[in-house]
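Just so we're on the same page: letters track the sequence lines, and every chain starts at 1.
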There are 2 protein chains.
Amino acid sequence: MNNHKEAEKRRRERINSHLDHLRTLLPCNSKTDKASLLAKVVQRVKELKQQTSQITDLETVPSETDEITVLSTGTDYEAGGEGRLIFKASLCCEDRSDLIPDLIEILNSLHLKTLKAEMATLGGRTRNVLVVAADKEHSIESIHFLQNSLKSLLDRSTPTDRSKRRRGLDRRLMPLT
Amino acid sequence: MNNHKEAEKRRRERINSHLDHLRTLLPCNSKTDKASLLAKVVQRVKELKQQTSQITDLETVPSETDEITVLSTGTDYEAGGEGRLIFKASLCCEDRSDLIPDLIEILNSLHLKTLKAEMATLGGRTRNVLVVAADKEHSIESIHFLQNSLKSLLDRSTPTDRSKRRRGLDRRLMPLT
DNA sequence: GTTTACACGTGATCC
DNA sequence: TGGATCACGTGTAAA
């Protein structure tokens with residue numbers, strides 16, 4: 001049938017049209033394979049999903065044990081650009097709001113861009129969550145330096161008077177750098 | 001050539017493999033068309049790019065004229081879920097930090113989740129930028145109500161003593177709801 | 001019986 | 001001449 005022939009042609013055009021559209025959304029020229037293109041698409045979707053969930057879903061309830069976590073979880077590619085590394089730092093300890101200025105100073109000195117900063121206190125304990133972006137070149141050092149800085153910040157911390165403990169969740173954002 | 005036949009088969013398998021992978025990343029069953037699937041992928045990539053840039057790129061420098069903007073710019077689909085509407089509210093006016101508690105109260109009453117809240121003051125003027133997510137069902141009403149609330153907040157604002165103007169950029173985040 | 005989507009093999013084209 | 005990719009028309013099976 002002649003109808004069948006053209007129907008199939010329209011189907012191909014439909015699919016290729018979407019593929020061309022995807023080519024414009026990703027860092028790639030118009031001559032990349034279909035397979036390679038789709039591979040990049042898979043990677044990009046994963047990255048973007050991870051990135052948004054990373055910024056959106058923050059665990060803010062303080063735990064009972066002191067902890068510092070700095071984990072790199074996503075890469076922020078801008079079409080054609082070099083890419084920043086996004087990572088999340090969580091600091092959980094006794095409530096010491098006097099440490100905040102030092103924390104800000106650390107972020108400033110590392111040239112980290114704060115995407116989101118959140119602080120929650122509960123029962124005299126506090127959790128700070130920072131989502132920051134670093135230039136890709138110095139990202140590795142930045143992560144380690146940040147981790148060490150947070151560590152020394154905790155060590156400097158003196159035991160808090162437990163009688164000052166309040167109940168109820170007090171949630172607030174911290175100053176940006 | 002028999003080699004050609006199998007090479008082409010491998011190519012098809014490679015492409016279809018990526019397509020199957022994409023099916024697992026999107027809200028769709030294993031039986032959706034290639035064309036429809038790719039259409040969804042295009043849409044999803046656009047959404048995610050917009051969503052991250054929306055949270056990341058915030059215009060924080062206060063302008064000289066009072067302004068309120070509430071614009072819906074992205075939809076946050078979670079696989080299988082219903083989807084939240086993400087929108088950005090910008091409020092630029094004279095420096096009135098006493099209005100912040102009211103602002104928080106507004107966000108609370110609307111059951112809006114604050115993804116990012118930032119406040120910058122410069123030369124006695126201030127700009128507040130809120131990135132919030134609303135349940136899809138009530139998103140439209142929430143947007144309008146938020147807009148009206150911000151409007152009345154500005155109207156309630158009394159002219160500030162201009163002698164209190166400071167120079168220099170003081171950037172800080174506001175309390176979360 | 002018509003439509004729709006898919007896999008297949010083949011010829012063309014480009015390093 | 002090969003190897004890789006693509007568009008094309010056809011056969012087939014499900015809706």
Side-chain angles (χ1 to χ4, degrees), chain A residues 1-53 73-86 136-137, chain B residues 1-53 72-86 136-137 139:
Chain A
M1 190 90 73
N2 198 9
N3 189 11
H4 185 36
K5 184 170 76 169
E6 294 170 358
E8 176 66 9
K9 183 172 180 63
R10 290 208 305 273
R11 173 178 168 269
R12 281 197 301 266
E13 288 173 345
R14 198 154 13 114
I15 293 178
N16 286 331
S17 162
H18 291 306
L19 290 179
D20 286 336
H21 199 152
L22 283 175
R23 270 182 247 266
T24 70
L25 295 178
L26 295 190
C28 71
N29 51 45
S30 61
K31 290 207 53 167
T32 47
D33 307 45
K34 291 181 182 177
S36 314
L37 170 66
L38 289 176
K40 288 190 177 184
V41 171
V42 170
Q43 185 193 2
R44 191 85 176 98
V45 170
K46 280 186 179 176
E47 282 176 4
L48 287 172
K49 285 185 69 169
Q50 185 183 38
Q51 202 171 106
T52 58
S53 72
T73 44
T75 309
D76 177 28
Y77 287 108
E78 207 54 25
E82 235 315 289
R84 302 179 300 170
L85 201 75
I86 293 187
K136 194 140 198 181
E137 312 112 47
Chain B
M1 191 90 73
N2 200 9
N3 190 9
H4 183 38
K5 184 170 77 169
E6 294 169 358
E8 176 67 11
K9 182 172 179 63
R10 288 207 305 274
R11 172 177 168 270
R12 281 197 299 266
E13 287 173 346
R14 196 151 18 108
I15 293 178
N16 285 333
S17 163
H18 291 306
L19 290 178
D20 285 338
H21 199 152
L22 282 175
R23 272 181 248 266
T24 69
L25 296 178
L26 295 190
C28 70
N29 50 43
S30 61
K31 290 204 51 166
T32 47
D33 300 60
K34 291 182 182 178
S36 313
L37 170 66
L38 289 176
K40 287 190 178 185
V41 171
V42 170
Q43 186 193 2
R44 191 83 175 99
V45 171
K46 280 186 179 176
E47 281 175 7
L48 287 171
K49 286 185 68 168
Q50 185 184 40
Q51 202 171 106
T52 58
S53 71
S72 155
T73 45
T75 309
D76 177 28
Y77 287 108
E78 208 54 27
E82 235 313 289
R84 302 179 300 171
L85 202 75
I86 293 188
K136 195 140 198 181
E137 315 111 46
S139 56

* Could you pick out which residue, Arg14(B) or Arg12(A), lies toward the 5' side of DNA chain D when each is mapped onto its nearest nucleotide? =>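 In this pair, the answer is Arg14(B).
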5'-most contact on DNA chain D (nearest-nucleotide basis), Glu8(A) vs Asp33(A), goes to Asp33(A)
Could you state the atom-to-atom distance from [atom1] of [X] to [atom2] of [N] in whole Å?
X: Arg10(A); N: dT4(C); atom1: CZ; atom2: P; answer: 8 Å
X: Lys9(A); N: dT3(C); atom1: NZ; atom2: P; answer: 20 Å
X: Glu6(B); N: dA7(C); atom1: CD; atom2: C1'; answer: 15 Å
X: His4(B); N: dT10(C); atom1: NE2; atom2: P; answer: 8 Å

Consider the side chain of Lys34(B), meaning its heavy atoms from C-beta on, and name the nucleotide among dA7(C), dG9(C), dA12(C) that approaches it most closely.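 Shortest atom-to-atom distance from the side chain points to dA7(C).
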**Prompt:** Does a nitrogen or oxygen in the side chain of Arg11(A) sit under 4.0 Å from OP1 or OP2 of dC6(C)?
**Reply:** yes
Go through Arg10(A) and Glu13(A) one step at a time and tell me if the salt bridge (Lys or Arg N to Asp or Glu O under 4.0 Å) criterion holds. CA-CA 5 Å; Arg10(A) 290 208 305 273; Glu13(A) 288 173 345; over 6 Å; no
* **Note: Glu6(B)-Lys9(B) ion pair, threshold 4.0 Å (strictly below)** =>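 Between Lys9(B) and Glu6(B) there is no salt bridge, as every charged N stays at least 4.0 Å from the carboxylate O atoms.
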Residues Glu47(A) and Arg44(A) bridged, charged N to O under 4.0 Å
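Counted as a salt bridge, because a side-chain N and a carboxylate O are separated by less than 4.0 Å.
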Query - Range on DNA chain D touched by chain B - first to last nucleotide, heavy-atom distance under 4.0 Å - result: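 Range of nucleotides within reach of chain B: dG3(D) to dA15(D).
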| Of Ala35(B) and Asn3(A), whose closest DNA chain C nucleotide lies nearer the 5' terminus? |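 First, find each residue's nearest nucleotide; the 5'-ward one identifies Asn3(A).
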Assert: residue with more 5' nearest nucleotide on DNA chain C, out of Asn16(B) and Lys31(A), is Asn16(B)
In this structure, CZ of Arg23(A) is separated from CG of Leu37(A) (nearest 0.5 Å) by 5.0 Å
Note to self: Applying side-chain contact (heavy atoms from CB on, under 4.5 Å) to Asp33(A) and Ile15(B), what does each step give before you reach the verdict?
What the structure shows: CA-CA 10 Å; Asp33(A) 307 45; Ile15(B) 293 178; over 6 Å; no
Kindly indicate, with the supporting measurements, whether the criterion side-chain contact (heavy atoms from CB on, under 4.5 Å) is fulfilled by Lys46(B) and Leu25(A).
CA-CA 8 Å; Lys46(B) 280 186 179 176; Leu25(A) 295 178; 3.9 Å; yes
